[in-house]
Structure formats: C-alpha cells, structure tokens
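Below: one structure, written as structure tokens.
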Amino acid sequence: MKINYGIAVSSFRQLSELPELKKAGFLEVASNCIQSPDFVLPRAWKNRLNRVTSRSEARTFSAMIGSGRGVMKEFYRVFSRNCEAYARLGVTEITLTVDWETVVNDSDYADELREVLRCCYGIIYRNRQTALLEMRIPGFISSIPENFIQFRNSLLFPVRTLIDFHPHEPGALEMLTAFAKKMPFDSSRFRVSFDASGGNYLSSNLLEKILSSLHIVGKEIPEICFYPGRSADKAAFAALEAVLQ
C-alpha cells in the first residue's frame, strides 16, 4: 500500500528545529503558529505546507453560539482573511474542530453550530480549499460513530474526515478497529499523535497495526501525518524517519 507521510508541528520551536525528513511529503502547521507575522517556513519545507489545524476553534465556536450577529460577522471576516492568507502560502486543507460532547447532548447548540460550519465551508470553498472535520480516537464521538455520521451528513456539504489517532492511549487500537467496521473511511486523512517526550516513539510494529485499519480506504492514497508532541527532539524524529516505508 502506498502511503503519503507528513509531519505536524504546533510551535515556532518545532518548526525551526524540524529536520528535512525526506520521506515526509507534506506539512501541517497549527493556526496560532502560521498566523504570526514572524512565521517563516524552513527552506526544506517550503513546497510541502498543505494543511492548517487549530485546537482553539472548538472554544471559538462554542463562545460564538448565541453571541449575536455582530460577533459572528467579525469572526467570519477574520476567518476569511486567514483562509486567504493560507491559500497564498499553498495551504489546501483547513481543519475544523468542534466540541462533540455538546453537539451530541444539546440539539439547539448543534443546530446553531451547523449553520456556523456551513458558513465556514463556504469561505473555505471560495478559496479552493478542502474542509476537514476532526475526530479524535480515542474520544467521546469515536465511541458513537453513528452520531458523528449523522451530524457530518446533516451539514450538506462534502466535508472530509480527519482522524486524530492517539495510538498509545488505552483502548485506542481497539476503538479504531471498531470504528472502521461501523464507518468505512470516506477520508484517507490520519494524524497519528504521540508524546515522544514520554518515550512513546513510533515503532514498525505499531505502524503496521495502524495501516491494517486502512484497507477499506479504497482507491485513495492514505495520508498519515505524525505529531510527536510538543517536546519532540532530534531522537524522536530520527526514530520516526527510520520506520517510514
């Protein structure tokens, strides 16, 4: 199976210390890093930036619900400006992160959030970018994939799924296998997150177990983006590059 490998970074320090990693074909950068006026891509990665992600969006979306049209209008203005800036840098994918527990338990919140996401998708589409809806495994929504599918389909636009997989957490591999049986992947995007500072380096054996769950992706070439935690050092990246196929 052919795999496209990538690297995710969340800080300037990670970005500045990122080795070349020739086997990695693309780069994901956190929005708080890329939005800074001091943002500079290392020369070796200039043509590999393709995705922006943000953990703060779930809090932003939650704060906006019921806040009034003025606040939402300002958010869309800033979001549009950021997407345009990302497009100029070559970014083709924007990750949207939401509070899944509130979505499932509060129907009014889910209805309002649905409209917010539709507006965000319109902005993303206008910039010829792809919207990704993030789902964490293990996590609240991954244990009830039917709810995830229902909400995602109710958005009525072709949003893709980004699986944020934490393989070293208890039950993660089992949950991934169970989820794959219930929901064939309509997206080949995976982010494999592990805390290298805690000694959780990626091994060939673990990578094979992850790849075994991708057999139902279909004709798409799976993309696996690795995030080795905030404290990743050179040893962590060396161990990562050693197991990439």
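Sequential numbering from 1 along the given sequence is applied to the chain's residues.
Taking Gln150 as the reference, nothing meets the side-chain hydrogen bond (donor to acceptor under 3.5 Å, both in side chains) condition, with sequence neighbours excluded.
Counted by atom type alone, Ser154 and Arg114 present one or more donor-acceptor pairs between their side chains at under 3.5 Å. Between the side chains of Ser193 and Asp164, at least one donor N or O sits under 3.5 Å from an acceptor N or O. Checked by atom type, the side-chain pair Tyr86/Glu93 shows no donor-acceptor distance below 3.5 Å.
Cluster annotation: Val192 is connected to Leu176 through the hydrophobic network of ILVMFWY side chains, with a link wherever side-chain heavy atoms come within less than 4.5 Å.
In this structure, the side chain of Asp106 engages the main chain of Asp108 through a donor-acceptor pair within 3.5 Å. In this structure, the side chain of Gln129 engages the main chain of Cys83 through a donor-acceptor pair within 3.5 Å.
The aromatic rings of Phe157 and Tyr121 lie parallel to each other, with less than 30° between the two planes, well short of the 60° mark.
Using a 4.5 Å heavy-atom threshold, the side chains of Leu89 and Phe39 count as touching. Put simply, the side chain of Asp99 reaches to within 4.5 Å of the side chain of Tyr109, judged on heavy atoms. The shortest distance between side-chain heavy atoms of Arg191 and Phe165 does not fall below 4.5 Å. Side chains of Leu133 and Thr161 form no contact here, defined as non-hydrogen atoms less than 4.5 Å apart. Taking the side chain as every heavy atom from C-beta outward, Arg152 and Val159 approach each other to under 4.5 Å. By the 4.5 Å heavy-atom criterion applied to side chains, Leu117 and Phe151 are counted as neighbours. The shortest distance between side-chain heavy atoms of Leu18 and Val9 falls below 4.5 Å.
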Quick one: side chains of residues 137-146, donor-acceptor pairs under 3.5 Å with protein atoms, not counting sequence neighbours, listed by atom name and distance.
unit_1 : atom_1 : unit_2 : atom_2 : d
Ser142 : OG     : Arg136 : O      : 3.2
Ser142 : OG     : Gly139 : N      : 3.1
Ser142 : OG     : Gly139 : O      : 2.9
Ser143 : OG     : Phe140 : O      : 2.7

